[in-house]
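Input: a single structure, listed below in structure tokens.
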Amino acid sequence: MTERYAVIGHPVAHSKSPWIHARFAEATGQDLDYGRIEAPLDGFERAVDAFRAAGGRGLNVTLPFKHAAFRYCQDTSERARRAQAVNTLVFRDRVYGDNTDGAGLTRDIEANLARPLAGKTVLLMGAGGAAQGVAGALLDAGIAGLVIANRTLSKAQSLAARFPPAAASGYGELRAPFDIVINATAAGLGGESVHLPASVLGSQTLAYDMVYGRDTAFLQAARAAGAQACDGLGMLVEQAAESFFIWRGVRPQTRSVLDSLRGG
Ligand code: ATR
């Protein structure tokens, strides 16, 4: 019997997840249907209840419901608890929640961009939900140091305290180039830029924007500094593959899906 999955968010109309999961299902021979659910801002729980009652087996959760999804779960993974957020719900006898965002980011950097993280210095820009979702996975990858920089320093300090040995900083105090700089702020979405000191981006730096589908001011500044610049499309595909694996026990290949998305 065809098993049902979906992405739930607000807005969700432009989500690429249904297309990505349909490609994964084709390639692995899995019989599943993957749709999209736009829940009202105050109606996440009701929408999930209805999907479960109709036989749904799992959901991907996107903005702004990842914290609500965490609260909805009866059981959660360690990485979901560290992120305090859930992007993958599994409905069995109980409701299980996981978070594949951090694994998606590290897999994109290491496997797709061929940049091993072990021993590298990493600057994480931002201290909101997006940063919180990936800090643990970066530390688990064996990086040499993690600096969390944020416009509001107190938020960077709170986040760094939860992820020792991470350090907190404002943007203005940053000095030496980092091996990897990750933009987890919402600045690119509003067309704004974060004022990074030029010395942070060197010619050997990988500058990674978790936003995809737009050439943000951050990526432009990185290219101007001679750094390698990359958007978050690969993270989107890799977090989807990790969710697919959790649901189906099969790990789909991602390369052709990512190539197709980049090609058009
Ligand atoms: P998300 O869940 O997407 O991370 P969030 O929790 O609202 O969203 O966090 C947004 C992040 O983007 C914060 O780190 C925010 O910085 P502040 O904590 O100082 O607000 C950052 N951000 C948003 N716009 C920014 C801008 N123009 N310049 C720098 N940082 C910005």
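Order of listing sets the numbers, starting from 1, for every ligand and every atom in it. Keep in mind that what you see is a predicted model, and the values were worked out from it rather than measured.
- No side-chain donor-acceptor contact under 3.5 Å links T2 and D33.
- When hydrogens are left out, the protein atom nearest atom 31 (C) of ligand 1 is R151 CZ, 3.8 Å; that is the closest non-hydrogen contact.
- Annotation: atom 3 (O) of ligand 1 to nearest protein heavy atom, A130 CB, 4.2 Å.
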For residues 52-59, dump all side-chain donor-acceptor pairs below 3.5 Å to protein atoms at least two apart in sequence or in another chain.
from	atom 1	to	atom 2	distance (Å)
R52	NH1	Y72	OH	2.8
R57	NH1	E3	OE2	2.7

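- R36 places a side-chain N or O within donor-acceptor distance of the main-chain N or O of V12, the cut-off being under 3.5 Å.
- Considering backbone and side-chain atoms alike, L63 places every N or O at 3.5 Å or more from each N or O of ligand 1.
- Selection from A85, A186, S154 by nearest heavy atom to atom 10 (C) of ligand 1 gives A186.
- With T185 contributing its side chain and A187 its backbone, the two residues share a donor-acceptor pair below 3.5 Å.
- At the shortest separation from atom 16 (O) of ligand 1 among protein heavy atoms lies N150 OD1, 3.2 Å.
- In terms of protein heavy atoms, atom 9 (O) of ligand 1 is closest to G128 CA, 3.5 Å.
- Among S193, A187, G129, G126, the residue whose heavy atom sits closest to atom 8 (O) of ligand 1 is G129.
- The number of heavy atoms from other shown groups lying within 6.0 Å of CD (E45) is above 12.
- Atom 21 (C) of ligand 1 has as its closest protein heavy atom T185 CB, 3.6 Å.
- Using cut-offs of 30° and 60° for the angle between ring planes, the H10 and F65 rings count as perpendicular.
- Between A131 and ligand 1, a contact under 3.5 Å exists for no N or O pair.
- Note: no N/O pair closer than 3.5 Å links Y171 and ligand 1 by distance alone.
- Interface of V194 with ligand 1, defined as ligand atoms under 4.0 Å from a residue heavy atom, comprises 28 (N), 29 (C).
- Ranking protein heavy atoms by distance to atom 27 (N) of ligand 1, first place goes to E192 OE1, 2.8 Å.
- Of the N and O atoms on the side chains of R162 and Q132, at least one donor lies less than 3.5 Å from an acceptor on the other residue.
- Side-chain atoms of T205 and Q228 form no donor-acceptor pair, as typed in the model, at a separation below 3.5 Å.
- No side-chain N or O of N60 forms a donor-acceptor pair with one of S17 less than 3.5 Å apart.
- At a 4.0 Å heavy-atom cut-off, ligand 1 touches T152 through backbone and side chain alike.
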